[in-house]
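Count residues from 1 along the sequence. Predicted model only: the values in this text are computed from it and were never measured.
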Amino acid sequence: MDGLLSDDAQPSDASLLTQCWINERTAPEILAFQDVLVANLLELIEAQVGTQIADQMDPEDPDTPLKRLIFLNEVERIKFVIRSYLRTRIAKIERQTLHVITDKETRARLSDDELEFAEALHDRTRAHYHRSFLDSFPESSQRLDEVYPERQLSMGELHFSAKLPLILGHLLLEQVAGPGMDNAVFCRVKEDIGDYELNEKNPGETVELHKDDLLLLRYASIRGLLAEGKVELV
């Protein structure tokens with residue numbers, strides 16, 4: 001069952017995407033889209049589901065029904081991982097829409113379809129808010145990404161700003177918010193790294209990282225190691 005079920009020492013595309021799915025579910029920010037892995041697996045599934053059983057399984061072999069069941073179960077497992085991986089990314093886009101479309105680094109991690117979805121979601125949500133209530137606000141208060149300057153607010157502005165979260169509701173607050181980079185995450189070290197600086201602002205804060213160490217650390221501290229493939233999230 002080459003391709004989907006790999007017996008080689010090297011991890012299969014399926015196992016690699018499974019780890020990417022776990023990383024995506026655990027990381028607070030949206031990670032780089034694994035377009036090659038997804039495309040390879042979809043191509044393998046399409047090519048092998050139709051031919052694997054008919055061409056590569058001996059009908060005279062008494063173990064053929066069991067092999068067929070194992071193969072089909074593996075196909076369904078991989079389909080589940082792909083669907084969940086894509087849904088996890090869409091959920092992050094929905095929660096952090098404004099951040100996703102305004103941050104250049106984050107935009108670069110999206111697929112073309114994801115970027116199109118994020119921009120369409122932002123445009124339609126903004127249009128809905130304007131039709132529903134924003135058009136009745138003063139023009140200076142209609143921006144969804146407004147940041148108050150560091151100045152003394154008038155009583156009217158304070159009264160309005162205090163009510164704004166209640167008016168806009170949970171969805172808008174989630175859209176404006178960025179990822180929680182200070183969230184704690186469990187990670188497993190994949191190779192010996194040695195003395196590692198956890199906080200660039202505090203050079204004395206270091207930890208020894210060795211292969212197979214399982215640690216609970218601030219995501220921002222190991223973000224670079226995750227991108228380099230030196231750690232994986234669990």
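Counting non-hydrogen atoms of neighbouring residues, nucleotides and ligands closer than 6.0 angstrom, the CD atom of Glu228 exceeds 12 such neighbours. A 6.0 Å sphere centred on CD of Glu116 holds no more than 12 heavy atoms belonging to other residues, nucleotides or ligands. Under a cut-off of 6.0 angstrom, the local environment of CG in Asp112 is sparse, with at most 12 non-hydrogen atoms contributed by other residues, nucleotides or ligands. For CZ of Arg25, the number of neighbouring non-hydrogen atoms (other residues, nucleotides, ligands) closer than 6.0 Å is 12 at most. Enclosure of atom CZ in Arg87 is not indicated, since only 12 or fewer non-hydrogen atoms of other residues, nucleotides or ligands lie within 6.0 angstrom.
A donor-acceptor pair is defined here as one N or O able to donate and one able to accept, closer than 3.5 Å; no such pair exists between the side chain of Asp13 and the backbone of Leu41. A side-chain donor-acceptor contact under 3.5 Å links Lys92 to the backbone of Ala27. Side-chain atoms of Arg109 come within 3.5 Å of backbone atoms of Ile30 as a donor-acceptor pair (strictly under, hydrogens ignored). Remark: the backbone N or O of His210 is paired with a side-chain donor or acceptor of Asp213 at under 3.5 angstrom. Looking at Thr97, its side chain does come within 3.5 Å of a backbone N or O of Glu94 through a donor-acceptor pair. In this structure, the side chain of Glu191 does not engage the main chain of Gly229 through any donor-acceptor pair within 3.5 Å. Put simply, the side chain of Ser221 gets close to the backbone of Leu198: a donor and an acceptor are under 3.5 Å apart. Distance alone, capped at 3.5 Å, is enough to place a donor-acceptor pair between the Ser15 side chain and the Ser12 backbone.
A pairwise comparison of heavy atoms in Tyr196 and Ile222 identifies OH-CA, 4.4 Å as the closest pair. Here the closest heavy-atom approach between residue Arg77 and residue Ala14 is recorded as NH2-CB, 4.2 Å. For Asn183 against Pro28, the heavy-atom pair with the smallest separation is ND2-CB, 3.9 Å. Taking both residues in full, the closest heavy atoms of Ile45 and Val75 are given as CG2-CG1, 4.1 Å, listed atom of the first, atom of the second, then distance.
Side-chain polar atoms of Tyr85 and Gln34 form no donor-acceptor pair below 3.5 angstrom.
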Under the side-chain contact (heavy atoms from CB on, under 4.5 Å) criterion, do Tyr219 and Thr26 qualify, and how do the steps go? CA-CA 10 Å; Tyr219 175 75; Thr26 305; over 6 Å; no
side-chain contact (heavy atoms from CB on, under 4.5 Å) evaluation trace for Val231 with Lys190: CA-CA 5 Å; Val231 302; Lys190 299 173 64 176; 5.5 Å; no
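Lys230 is not listed as a side-chain neighbour of Val189, based on a closest heavy-atom distance of 4.5 Å or more. Side-chain contact between Leu44 and Ile78 is absent, with no heavy-atom pair separated by less than 4.5 Å. Contact of the Leu233 side chain with the Arg188 side chain is not registered, since no non-hydrogen atoms from C-beta on lie closer than 4.5 Å. No side-chain heavy atom of Thr102 sits under 4.5 Å from any side-chain heavy atom of Arg107. The closest side-chain heavy-atom distance from Leu110 to Phe117 is not below 4.5 Å. No side-chain heavy atom of Val185 sits less than 4.5 Å from a side-chain heavy atom of Leu216. Put simply, the side chain of Ile93 reaches to within 4.5 Å of the side chain of Glu114, judged on heavy atoms. In this structure the side chain of Val207 never reaches within 4.5 angstrom of the side chain of Asp195, judged on heavy atoms.
Under the 4.5 Å side-chain heavy-atom criterion for Ile, Leu, Val, Met, Phe, Trp and Tyr, Leu215 and Met181 are members of the same hydrophobic cluster. If you chain together hydrophobic residues whose side chains sit under 4.5 Å apart, Ile193 and Val234 never meet in one group. Under the 4.5 Å side-chain heavy-atom criterion for grouping Ile, Leu, Val, Met, Phe, Trp and Tyr, Val36 is not connected to Leu31 through any hydrophobic cluster. Note: the hydrophobic cluster containing Phe71 also contains Phe80 (ILVMFWY, side chain heavy atoms under 4.5 Å, direct or indirect links). In this structure, Ile22 is not a member of the same hydrophobic cluster as Phe186, with clusters built from ILVMFWY side-chain heavy atoms closer than 4.5 Å.
To the nearest 0.5 Å, atom CG of residue Asp35 and atom CG of residue Asp113 are 11.5 Å apart. Between Glu29 atom CD and Asp103 atom CG the span is 9.0 Å, to the nearest 0.5 Å. Rounding to the nearest 0.5 Å gives a distance of 10.0 Å between CZ of Phe33 and CD of Glu24. Here the SG-CG distance, from Cys187 to Leu217, works out to 5.0 Å after rounding to the nearest 0.5 Å.
Salt-bridge formation is not detected for the pair Lys211/Asp192: no Lys NZ or Arg NE/NH1/NH2 atom is positioned less than 4.0 Å from an Asp or Glu carboxylate oxygen.
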